Peer 1: 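What follows is a structure written as structure tokens; I'll ask about it next.
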Amino acid sequence: MDYEPPFLDTYKTLLQENTGDSKDDFCSMLETFELPMIDLGRLNLEHHEREECLKEITETAMEWGFFQVVSHGISQELLEKMHSEQMKVFYEPFVKKCTEAVFGLSSKTYRWGNPCVTNLRQLSWSEAFHFSMTDISRMEQHKNLRECIEAYATRVANLAQSLAEILGQKVNINSSYFRENCLLKSASIRLNRYPTCPLSPKVYGLVPHSDTSFLTIVHQDQVGGLELVKDGKWVAVKPNPQALVVNIGDLFQALSNDVYKSIKHRVAAAEKVERISTAFFYLPSEVAMIQSCNYREFNLKEYIQQNEQDVKQTGNKVGLSRFLV
Ligand SMILES: O=C(O)CCC(=O)C(=O)O
Ligand SMILES: [Fe+2]
């Protein structure tokens, strides 16, 4: 298994120090929910059906910050192809994944575990490739992966735009805002792999976080592990590989003046079977302004810089509260 990152060796001391330390709200034994499911096929039906669907989208986004969709326009074949291309790249030898030469891109593209953790709660038992769509267009190797990501991202971006326009309309954001500011090249995509973890209830697959995006669209396999905060409590999401999971990100929370909320979520470490997911981040250009009453005007570039600085200084992303007026 030369593809597996050396989690046990690297985090040995941390793991030994924390043995038997089972935290109260840690990942095991949560209530499992089926996320509200929205059939987007109804958007193409006659007036009444369409109106009902629009209402469901906005109301569910307001109540949950998360929902799942079917009839989303991305074929099962493409979803499966994406999954298999993703496996191929994760099954490359670990040393190869770690070197820049894999994609000829920045060394930041590949992440595994966390570079600086002082306790188990900060550790993500997962590996990921994070590409901006601009990176993808410069990727010279891995032609199949590149073509697959481009086909997938193009379709998911269209879906994200339609959803953003629907959600935006409810909060008086003109649909031209998204069309002008969220071009495909501003988006990014993260391929996630959660290797099996012998200490699964004590370690996260992905630590709790909110997404920076306007919207995030995730495809997950059948394994499960995604968890989110609902009414102040962590709940587990029942996986549905036919559906795509949509969630509101920080930027939409700001743009909508907190009508839609960017909900904290995390992934439980995989206990017996590895898990794969693909996250598409619908983002504006770095300089597009986010204007609202509750937050001072800012753009993505400032937001990322502030978050990076906060993570360095405090260990955590402080997020939107930094920008409250
Ligand atoms: O793997 C998942 O289901 C979620 C991934 C996620 O939250 C992310 O990549 O930001
Ligand atoms: Fe996320």
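Both ligands and their constituent atoms are indexed starting at 1 by order of listing. Owing to the predicted nature of the structure, the values given are computational and were not obtained by experimental measurement.
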Peer 1: Of the protein's non-hydrogen atoms, which lies at the shortest distance from atom 4 (C) of ligand 1, and what is that distance?
Peer 2: V267 CG2, 3.8 Å

Peer 1: Can you say whether the rings of Y260 and F252 are parallel (under 30°), tilted (30 to 60°) or perpendicular (over 60°)?
Peer 2: perpendicular

Peer 1: So, D250 and K261, do they make that salt bridge, N to O below 4.0 Å?
Peer 2: no

Peer 1: Against heavy atoms of A279, which atoms of ligand 1 measure under 4.0 Å?
Peer 2: 9 (O)

Peer 1: Any carboxylate oxygen within less than 4.0 angstrom of a Lys/Arg side-chain nitrogen, looking at R146 and E150?
Peer 2: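 A salt bridge is present here (some side-chain N lies under 4.0 Å from a carboxylate O).
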
Peer 1: Could you pull out, from H219, E227, H130, R190, the option with a heavy atom nearest to atom 10 (O) of ligand 1?
Peer 2: R190

Peer 1: Taking only non-hydrogen atoms of H265, do any sit less than 4.0 angstrom from ligand 1?
Peer 2: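 H265 counts as a contact of ligand 1 under the 4.0 Å cut-off.
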
Peer 1: At a non-hydrogen distance cut-off of under 4.0 Å, which region of F280 contacts ligand 1 (side chain, backbone, both, or neither)?
Peer 2: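 Contact part for F280 vs ligand 1: neither.
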
Peer 1: Considering the heavy atoms of D211, write down every atom of ligand 1 situated less than 4.0 Å from one of them.
Peer 2: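 In order of numbering, the contacting atoms are 10 (O).
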
Peer 1: Evaluate the ring planes of Y303 and F323, with Trp represented by its six-membered ring, and classify them as parallel (under 30°), tilted (30 to 60°) or perpendicular (over 60°).
Peer 2: tilted

Peer 1: Please could you name the atoms of ligand 1 that Y194 approaches to less than 4.0 Å, counting only its heavy atoms?
Peer 2: 1 (O), 2 (C), 5 (C)

Peer 1: Among all protein heavy atoms, pick out the one at the shortest distance from atom 3 (O) of ligand 1; state its residue, atom name and that distance to 0.1 Å.
Peer 2: R275 NH2, 2.8 Å

Peer 1: Under 6.0 Å between ring centres, would you say that holds for F7 and W125?
Peer 2: yes

Peer 1: Is the contact between L206 and ligand 1 made by the side chain, the backbone, both, or neither, using heavy atoms and a 4.0 Å cut-off?
Peer 2: side chain

Peer 1: Do the ring planes of F131 and F129 sit parallel (below 30°), tilted (30 to 60°) or perpendicular (above 60°)?
Peer 2: parallel

Peer 1: Taking the six-membered ring for Trp, are the ring centroids of Y110 and H130 within less than 6.0 Å of each other?
Peer 2: no

Peer 1: I'd like the atom name of the N/O/S atom in D211 lying closest to the Fe ion (ligand 2).
Peer 2: OD1

